[in-house]
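I have placed the structure first, in the form of structure tokens, so that the comments after it can refer back to it.
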Amino acid sequence: MGQYNYKKTEKKWAEKWVRDKTFTPDLSGAKNPYYALFMFPYPSAEGLHIGNFYAFTCVDVMAKYKKLQGFDVFEPIGFDAFGLHSENYALTIGETPRKMLRRTEENFRKQLKMAGLGCDWTREVDTANPNYYKWTQWIFTKLFERGLAVRKESLVHWCPGCKTVLADEQIENGVCERCGSISEKKKMKQWFFKITDYAQRILDGLNEMDWSEITKAAQKNWIGRSEGAIIKFEVQPPNIDTSAQFGEVEPQYIEVFTTRPDTLFGVTYFVLSPEHNLVRQFTTDEQREEVEKYIKDTASKSDLDRMESKEKTGVFTGAYVINPVNNEKIPVWVADYVLMGYGTGAIMAVPAHDERDWEFAKKYDLPIKKVVEPPALLRIPRNIEDIAAGAKEEIKIEAEYWSAEGVNINSEFLNGLATDEAKKKMTEWLKEKNLGRANINYKLRDWCISRQRYWGPPIPVIYCEKCGIVSVPEKDLPVLLPDLEKEWEPAGDGKGPLSKVDSFVKTECPKCGKPAKRETDVMDNFLDSAWYYYRYLSPENGEEIFDKKIGDKWLPVDFYVGGNEHAVLHLMYTRFITMLLRDLDVVDFDNPFKRFRANGMILKDGKKMSKSKGNVVNPEEYGEKVGYDALKSYLLFLGPFEENRSFSDEGILGTMRWVDKIYRLKDKVKESAKDGNKVLRNLHKTIKRVSEDFEGQKYNTAIARLMEMTNVLSAADEISRDTWLKFLALTAPFLPALAEEMWERAGNKSSIFGHKNWPEYDLGFVREDEFELVVQVNGKLRGSITAPRGINEKEAEKKVRAEEKFKKYLENRIIKKTIFVKNRLINFVIDK
RNA sequence: GCUCGGGUGGCGGAAUUGGUAUACGCGCACGACUUAAAAUCGUGUCCCGCAAGGGAUGCGGGUUCAAAUCCCGCCCCAAGCACCA
């Protein structure tokens, strides 16, 4: 007998698996590849977080299931070492990132190995390794060659905490996603990747992808496609030179983007964003003082301030534009509710049919001209009480004006047309007159990849007075990041720490050989992590980004799991980079992950975990307390893995007991034992259901089935060796250490994961020859009887009628109809 | 405001996709073993009712022989985006 010693057993197997390379596949020789991937961890000093650990587990059980099925499974591991997360922590403890990482990575390895994950430890990848970032830089140069990496001046987010610019995706609600500082908007010259060139392709790809809906929705939202028109407005006075604005616009015109060209007759004023580079030219002398003050005021506001102030503000510029459709003179205002980053940074305002314009017009007493009549029923109060509500309802009706679509009025040639028709006709009219054109606009903006920091791959670019911007040739890559012991901290002056390292800055132009200077910013960490799963396939390869022969076999990744907080960060960037690799003929697909699932959050007793609340679940601690097998199974058992689930200290006792219960079963296993029908039926049913659950990633119900089977085996007097081994294989993905131990004690010499040990079910046992026939009268349950499988309607009815308990429902009744569902139920429809 | 999930026992959650609602686990109660406790095993556990029976899947309606599941209208919770023209 004895007590199960999970600590000893789990340690024994964790070490043995690594030593024996149980989970190290032969990448080039594999016949049946299955690539299981979890998100690239960064080796945080705090150690393994339960959320990551959980996501890893979701991948790991699938990997083990596939391994047991005979697949060659690759479940790689590496470290996202470069980047703000590591560097910021190094700053707080006053150590260089490299030194710190040596320690934290070691800790991370130890933790992951102890947890019994089936990782391949022989192909580790590290983004801070020159052998890796050479290829990160190579990707940059390829983008550069294609005109997809450009240096341009733009309004960017500046994080005063991290002392660097950041990409739009790295700002959440106006705040830095890394350090929580309020972001500032600055006009700066930075390096951008033109992800917007791929907006449509990224959007279109979503339709075909087997990814969590929530992730696809987030990407779709972020890309924010809208269809509309660009409309040109003539400028008054005509001496404003607009040629600097957009290349293709001849002077005297300014462009707007609108989704409602059908409302052009309703335009009563015009607005420029305060950051618009023509504002000053538009402003007349009388208005100059006021406009300058307004621009200054809004510039000092962060995005967060702007979001918080509900009240709209603005100033008249003194200038006018001409409405192309009716030659009306329209006043031009500056207002910060118009954003420079969207459309053209200018709008035509239609207060009658746009909520924001309506608010603004009300405040500044601008005219409101109605040009769309909403369908009549929209304006009829829904019930009498609403009329009684009086004033409130009036506001409601007013509100229904703006957004409503309907039929055009006061619009000359559009009168009587429905919104869709009117849009089309107006766009055509504008195009004919060369005053506008149909246009698709995206919210997505180019990816700003410059970071004024130390801990990242240097941007491989050289500035030469003669040759201009030159990218570093492939043969000279990598551009090594100098090992700085001092002064690697960010200065906050808009320049990276490398700008102070003379030996780094000074170089020669690769084209003309003259003295030149290196770019001193480093690249965004999200570029490092955008391609790591390609590198796993051949981490040592010095010739190419990865071994394509191996890639052909293993890519795209079969199964990927991670948090949805990366939906518009890593997961979108990596799709973009994959599209680039495809255009370079490196890969032959757009979507790198055949199946991606966003795992839900683990809550503690229904609440979000946080250090300040002191309710953080530490995997290492629970691994000690209840064992990793029990911990991992519990996390999966909590509920569907895409939803949030609540962890509780009592709940975990359940899986811990389950482990012990299985351990105790071993004493019932007898070579001579013959299983009863009940056990055999349950075994085969369990094989079937657990296999199906795995295919649909329904780990919670798979565990429930296995617990059920455990209960059946507990009730049996003895268990045959055959059934026992099959049962162990079924539990092995969830309880790998226990299963291995029991497997070994049952006399097996090699690992349970070493061969195709997943059992097959026998339909003969799954299909029982009797079933419970449900008896309903008028759809109400009246009981059930045991009936032979395959019984037909007539026989079933006869059998039911013979049964005493149903007589009172059926005697002397006229049966109008009988519904018979084979092998399930019979329902008699009678008069009441 | 828009987009996307979700609302089922005391709790986490099942439900063959329209066919016995509440599987599995936690908790609780009782019993067995024990000098005792822990562990373990067994029994019970949606509500009303002695029973026959009736009622329950956020609320209100509909479709159907039959609805947690499909349709319409509302309420609530969570996530993401958010002055996106």
Side-chain angles (χ1 to χ4, degrees), chain A residues 3 172-174 212-222 224-226 228 256-260 263 271 273 306-307 309-310 312 335-339 341-350 353-357 359-360 382 399 403 441-445 564-565 567-568 598 600-601 603 605-606 633-634 637-640 642-655 657-658 660-661 664 689 692 698 700-708 710-711 714-715 772-784 808 816-821 824-830:
Chain A
Q3 190 74 49
E172 290 171 350
N173 296 317
S212 286
E213 286 305 321
I214 184 176
T215 311
K216 294 204 279 183
Q219 295 203 351
K220 199 178 157 190
N221 253 328
W222 189 260
R225 180 187 201 270
S226 42
V256 296
F257 171 76
T258 179
T259 55
R260 294 294 300 271
T263 61
V271 189
S273 160
R306 280 207 201 182
M307 276 183 235
S309 64
K310 298 141 226 153
K312 296 209 169 17
D336 70 356
Y337 81 93
V338 173
L339 310 171
Y342 184 76
T344 65
I347 62 153
M348 57 177 228
V350 187
H353 306 289
D354 182 277
E355 184 178 352
R356 298 146 302 174
D357 296 346
E359 251 178 70
F360 192 79
R382 293 209 169 75
S403 52
N441 201 40
Y442 301 91
K443 282 201 282 187
L444 180 70
R445 274 171 260 171
N564 203 46
E565 67 272 13
V568 297
M601 262 192 306
L603 310 173
D605 302 318
S633 306
Y634 179 59
F637 181 61
L638 275 171
E642 289 184 80
E643 282 163 37
N644 293 349
R645 282 122 320 116
S646 181
F647 185 105
S648 81
D649 287 350
E650 291 93 58
I652 200 168
L653 297 175
T655 48
R657 281 177 201 144
W658 182 44
D660 287 335
K661 204 166 179 175
R664 271 182 261 117
R689 289 161 114 181
E692 285 164 359
K698 292 165 88 178
N700 55 331
T701 50
I703 292 172
R705 304 300 161 226
L706 291 168
M707 285 175 167
E708 244 173 323
T710 308
N711 293 341
S714 287
E772 281 298 291
L773 176 74
V774 172
V775 180
Q776 295 183 342
V777 176
N778 286 340
K780 274 199 201 299
L781 176 70
R782 294 300 173 194
S784 67
K808 63 179 171 184
K816 293 201 317 199
K817 201 170 161 190
T818 310
I819 291 110
F820 181 72
V821 183
R824 188 147 296 161
L825 65 78
I826 187 160
N827 181 14
F828 301 98
V829 185
I830 60 173

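Hydrogens, waters and symmetry mates are skipped; everything else that's a heavy atom, side chains included, is used. So that the names make sense, note that chain A is the first sequence line, chain B the second, and so on, each numbered from 1.
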Sugar-phosphate, base or nothing in reach of A/Asn441, heavy atoms under 4.0 Å: nothing
A/Leu339 side chain, from C-beta outward: closest of B/U20, B/G80, B/A85: B/A85
Sugar-phosphate, base or nothing in reach of A/Val256, heavy atoms under 4.0 Å: nothing
A/Lys661 and A/Asn711 side chains, donor-acceptor separation under 3.5 Å: yes
Modelled atom types, side-chain donor and acceptor of A/Trp658 and A/Thr710, under 3.5 Å: yes
B/A15 OP1/OP2 closer than 4.0 Å to side-chain N/O of A/Thr701: no
Any donor-acceptor N/O pair under 3.5 Å between B/U16 base and A/Arg824 side chain: yes
Sort me out a list of protein N/O and nucleotides 49-51 of chain B N/O pairs below 3.5 Å, or just none if empty.
none

Set of side chain to side chain contact (heavy atoms under 4.5 Å, CB included) partners for A/Arg445, sequence neighbours left out: A/Asp168
Touch class at under 4.0 angstrom, heavy-atom based, for A/Ser226 against every strand present: sugar-phosphate
Value in whole Å for how far the P atom of B/G6 lies from CE of A/Met601: 16 Å
B/G25 OP1/OP2 closer than 4.0 Å to side-chain N/O of A/Asn711: yes
Partner of A/Thr818 under side-chain contact (heavy atoms from CB on, under 4.5 Å), chosen from A/Ile826, A/Asn827, A/Ile830: A/Ile826
Options B/C83, B/A23, B/G80, nucleotide nearest the side-chain atoms of A/Ala704: B/A23
Spacing between A/Ile703 atom CD1 and B/G12 atom P, to the nearest angstrom: 18 Å
Ionic contact status for A/Glu708 with A/Arg705, cut-off 4.0 Å: yes
Options B/G27, B/C65, B/G12, nucleotide nearest the side-chain atoms of A/Phe637: B/G12
A/Glu650 side chain, from C-beta outward: closest of B/G27, B/A23, B/A85: B/G27
Side-chain-base donor-acceptor pair under 3.5 Å for A/Lys216 and B/C4: no
Between B/G13 (P) and A/Phe647 (CZ): distance, integer Å: 14 Å
B/G80 glycosidic torsion: syn (within 90° of 0) vs anti: anti
Residue met sooner reading RNA chain B from 5', once A/Gly654 and A/Phe828 are mapped to nucleotides: A/Gly654
Sugar-phosphate only, base, or nothing, as touched by A/Arg657 at under 4.0 Å among non-hydrogen atoms: sugar-phosphate
Atom pair distance, as rounded to whole Å: CG in A/Asp354 and C1' in B/G1: 12 Å
Which nucleotide in B/C24, B/U20, B/G13 has an atom nearest any side-chain atom of A/Leu781: B/U20
Interatomic distance where CD1 belongs to A/Ile826 and P belongs to B/G19 [whole Å]: 18 Å
Nucleotide of B/G6, B/A85, B/C24 approaching A/Ile347 most closely (side-chain heavy atoms): B/A85
Residue list, side-chain hydrogen bond (donor to acceptor under 3.5 Å, both in side chains) with A/Thr655, at least two apart or on another chain: none
Nucleotide B/U16, atom P - distance to CG of A/Leu825 in whole Å: 15 Å
Contact summary for A/Asn564 and A/Ile214, nearest pair of heavy atoms: ND2-CG1, 3.6 Å
Sugar-phosphate, base or nothing in reach of A/Arg782, heavy atoms under 4.0 Å: sugar-phosphate
Presence of donor-acceptor pair under 3.5 Å, side chain of A/Asn221 and base of B/C81: no
Sugar-phosphate only, base, or nothing, as touched by A/Val774 at under 4.0 Å among non-hydrogen atoms: base
Anti versus syn assignment for B/U17, with syn defined as within 90° of 0: syn
Sugar-phosphate only, base, or nothing, as touched by A/Lys661 at under 4.0 Å among non-hydrogen atoms: sugar-phosphate
Note, A/Leu339 side chain near A/Ser273 side chain (heavy atom, < 4.5 Å): no
Sugar-phosphate only, base, or nothing, as touched by A/Leu638 at under 4.0 Å among non-hydrogen atoms: sugar-phosphate
Base B/G19 paired with A/Gln776 side chain (donor-acceptor, <3.5 Å): yes
Heavy-atom side-chain proximity of A/Asn700 to A/Pro640 below 4.5 angstrom: yes
Whole angstrom value for the distance that separates C1' of B/A38 from CG of A/Leu653: 13 Å
Position toward the 5' end of RNA chain B (nearest nucleotide), A/Val777 or A/Trp222: A/Val777
Touch class at under 4.0 angstrom, heavy-atom based, for A/Asn564 against every strand present: nothing
Touch class at under 4.0 angstrom, heavy-atom based, for A/Thr258 against every strand present: sugar-phosphate
Selection from B/G27, B/G12, B/A15 that lies nearest to any side-chain heavy atom of A/Lys698: B/A15
Nearest to side-chain heavy atoms of A/Tyr342, which nucleotide of B/A85, B/G80, B/G13: B/A85
Touch class at under 4.0 angstrom, heavy-atom based, for A/Glu642 against every strand present: nothing
Exercise: identify the closest heavy-atom pair between A/Tyr337 and A/Ala349: OH-CB, 4.5 Å
N or O in side chain of A/Lys780 less than 4.0 angstrom from B/G55 OP1/OP2: yes
